[in-house]
Amino acid sequence: MTEDNYSLTTEFILTGFTDRPEMRSLLFVLFLTIYVITMVGNLGLVALIFMEHRLHTPMYIFLGNLALMDSCCSCAITPQMLENSFSKDRMISLYECMVQFYFLCLAETADCFLLAAMAYDRYVAICSPLQYHTMMSKKLCIQMTTGAYIAGNLHSVIQIGFLFRLTFCWSNQINHFFCDVFPLYRLSCVDPYINELMIFIFAGSVQLFTVGSVLISYFYILFTIFKMKSKEGKSKALSTCASHFLSVSIFYGSLIFVYIRPHSVKEEDKDIPGAVFYTIVIPLLNPFIYSLRNKEVINAMKKIIKKIL
């Protein structure tokens with residue numbers, strides 16, 4: 001095959017979950033429902049935090065930005081997936097693929113740093129409560145949030161830059177429900193080894209730094225909790241961290257499973273289960289994980305509802 005033929009594949013077919021028409025209709029209804037609930041839950045949480053001054057604290061600022069990034073993740077993936085449910089060709093251009101992966105990578109990378117920032121916030125609140133307002137100043141909060149967005153953008157630009165070195169001359173069928181990097185690597189007629197190495201280095205570095213920050217924070221948190229004499233104090237501290245730790249465990253577990261595991265490029269059958277978790281399930285669950293167990297959020301919701309009614 002000549003070099004001229006390499007540029008012919010500029011559109012791809014997203015196979016999605018199934019080719020059966022009745023299943024595609026059922027999945028459309030399911031994922032449309034999930035999408036609506038996800039957007040209402042996350043954007044509602046962002047609006048609630050913005051409107052309620054009592055929630056203008058570092059923990060809720062991080063949470064609001066996490067909800068915003070979860071909305072970004074859902075918007076990057078689900079509308080295209082819903083459109084493909086009834087599309088005959090299910091085509092997506094190379095540039096649309098790049099844009100989709102850019103926003104996904106931005107959202108997931110920013111989420112990693114925001115979750116690490118939330119873990120540090122909980123560490124300061126539990127281990128150094130008297131110094132909380134000094135250590136978690138408004139300036140530091142803004143710097144950490146801004147840093148999360150900068151890291152997300154840099155990581156996305158780097159990964160997209162390396163994707164543009166690839167050319168596609170084999171099949172144009174992507175066995176996935178969105179344009180992820182590993183399915184694209186399998187279609188490349190250029191050896192994607194450098195891309196694999198870069199995603200392992202950069203994604204691995206992000207995971208190592210943020211997971212390490214979370215684990216260190218929780219080590220000191222648990223150590224401080226076990227030293228507490230009051231059972232009520234222990235219970236309150238544990239409940240404060242439980243929702244965050246649950247969200248972190250699911251999120252990092254699915255990301256590591258998809259992007260950091262050995263031979264992940266070749267194991268095509270394992271792409272979709274992990275991707276469903278971090279692109280669909282986690283953005284759906286996060287607003288409920290953080291809201292339903294949080295009295296301050298629930299009280300703020302009641303206050304807003306009373307004003308409306």
Subject >> Smallest separation among heavy atoms of S188 and L166, with atom names >> reply: OG-CD2, 3.5 Å

**OP:** Report the distance from atom CG of L26 to atom CZ of F31, rounding to the nearest 0.5 Å.
**Re:** 9.5 Å

**OP:** Mind checking the CG-OG1 spacing from N175 to T15? Nearest 0.5 Å is all I need.
**Re:** 4.5 Å

**OP:** Answer whether the closest heavy-atom distance between the side chains of Y60 and V297 falls below 4.5 Å.
**Re:** yes

**OP:** Applying side chain to side chain contact (heavy atoms under 4.5 Å, CB included), name anything that partners C141, two or more places apart in sequence or on another chain.
**Re:** P58, I61, F62, T145

Original post:
Using 30° and 60° as the class limits, which term best fits the ring planes of F178 and Y278: parallel, tilted or perpendicular?
Top reply: perpendicular

**OP:** Mind listing the closest non-hydrogen atom pair of C73 and E108 along with its distance?
**Re:** SG-OE2, 3.1 Å

Original post:
F226, L215: one ILVMFWY side-chain cluster at the under-4.5 Å cut-off?
Top reply: yes

**OP:** Specify the closest pair of heavy atoms between L66 and D111, including all atoms of both residues, with the distance to one decimal.
**Re:** CD1-OD1, 3.2 Å

Original post:
When you look at L184 and F12, which way does the side-chain contact (heavy atoms from CB on, under 4.5 Å) test go after all the steps?
Top reply: CA-CA 9 Å; L184 287 173; F12 302 97; 4.1 Å; yes

Original post:
How far apart are the closest heavy atoms of H155 and A203, and which atoms are they?
Top reply: NE2-N, 3.8 Å

**OP:** Given side-chain contact (heavy atoms from CB on, under 4.5 Å), test N195 with M198 step by step and report yes or no.
**Re:** CA-CA 5 Å; N195 295 68; M198 289 300 102; 5.7 Å; no

**OP:** May I ask you to decide if Y123's main-chain N or O and S217's side chain share a donor-acceptor pair within less than 3.5 Å?
**Re:** no

Original post:
When you look at F177 and V276, which way does the side-chain contact (heavy atoms from CB on, under 4.5 Å) test go after all the steps?
Top reply: CA-CA 9 Å; F177 61 94; V276 167; 3.9 Å; yes

**OP:** Kindly check if the number of other-residue, nucleotide or ligand heavy atoms within 6.0 Å of CZ (F17) is above 12?
**Re:** yes

Original post:
Roughly how far, to the nearest 0.5 Å, is the SG atom of C97 from the CZ atom of F168?
Top reply: 8.0 Å

Original post:
What are the two closest non-hydrogen atoms of I160 and F101, and how far apart are they?
Top reply: CD1-CD2, 3.9 Å

Subject >> Donor-acceptor under 3.5 Å (S156 side chain, G152 main chain) >> reply: yes

Subject >> Considering all heavy atoms, the nearest I126-P129 contact >> reply: O-CD, 3.7 Å

Subject >> Nonpolar side-chain network containing I142, other nodes, edges under 4.5 Å >> reply: none

Original post:
How far does CG of L82 sit from CG of L30, to the nearest 0.5 angstrom?
Top reply: 10.0 Å

Subject >> Crowding at OH, Y220 (>12 non-hydrogen neighbours, <6.0 Å) >> reply: no

Subject >> Hydrophobic cluster membership, Y193 vs L163, 4.5 Å side-chain cutoff >> reply: no

Subject >> Enclosure of R165 CZ (heavy-atom neighbours >12, cutoff 6.0 Å) >> reply: yes

**OP:** Kindly check if the number of other-residue, nucleotide or ligand heavy atoms within 6.0 Å of CZ (F219) is above 12?
**Re:** no

Original post:
If you group Ile, Leu, Val, Met, Phe, Trp and Tyr whenever their side-chain heavy atoms sit less than 4.5 Å apart, what else falls in with F209?
Top reply: F113, V206

Original post:
What class does the angle between the rings of F50 and H56 fall in, given that below 30° is parallel, 30 to 60° is tilted and above 60° is perpendicular?
Top reply: tilted

Original post:
Is the backbone of M59 close enough, under 3.5 Å, to the side chain of R122 for a donor and an acceptor to pair up by distance?
Top reply: no

Original post:
Rounded to the nearest 0.5 Å, what separation is found between the CG atom of L284 and the OG1 atom of T279?
Top reply: 11.5 Å

**OP:** Say whether, by atom type as modelled, one donor and one acceptor occur between the side chain of R24 and the main chain of S85 under 3.5 angstrom.
**Re:** yes

**OP:** Answer yes if the ring centres of F182 and Y185 are under 6.0 angstrom apart, and no otherwise.
**Re:** yes

Original post:
What is the distance from atom OG1 of T57 to atom NE2 of H133, rounded to the nearest 0.5 Å?
Top reply: 9.0 Å

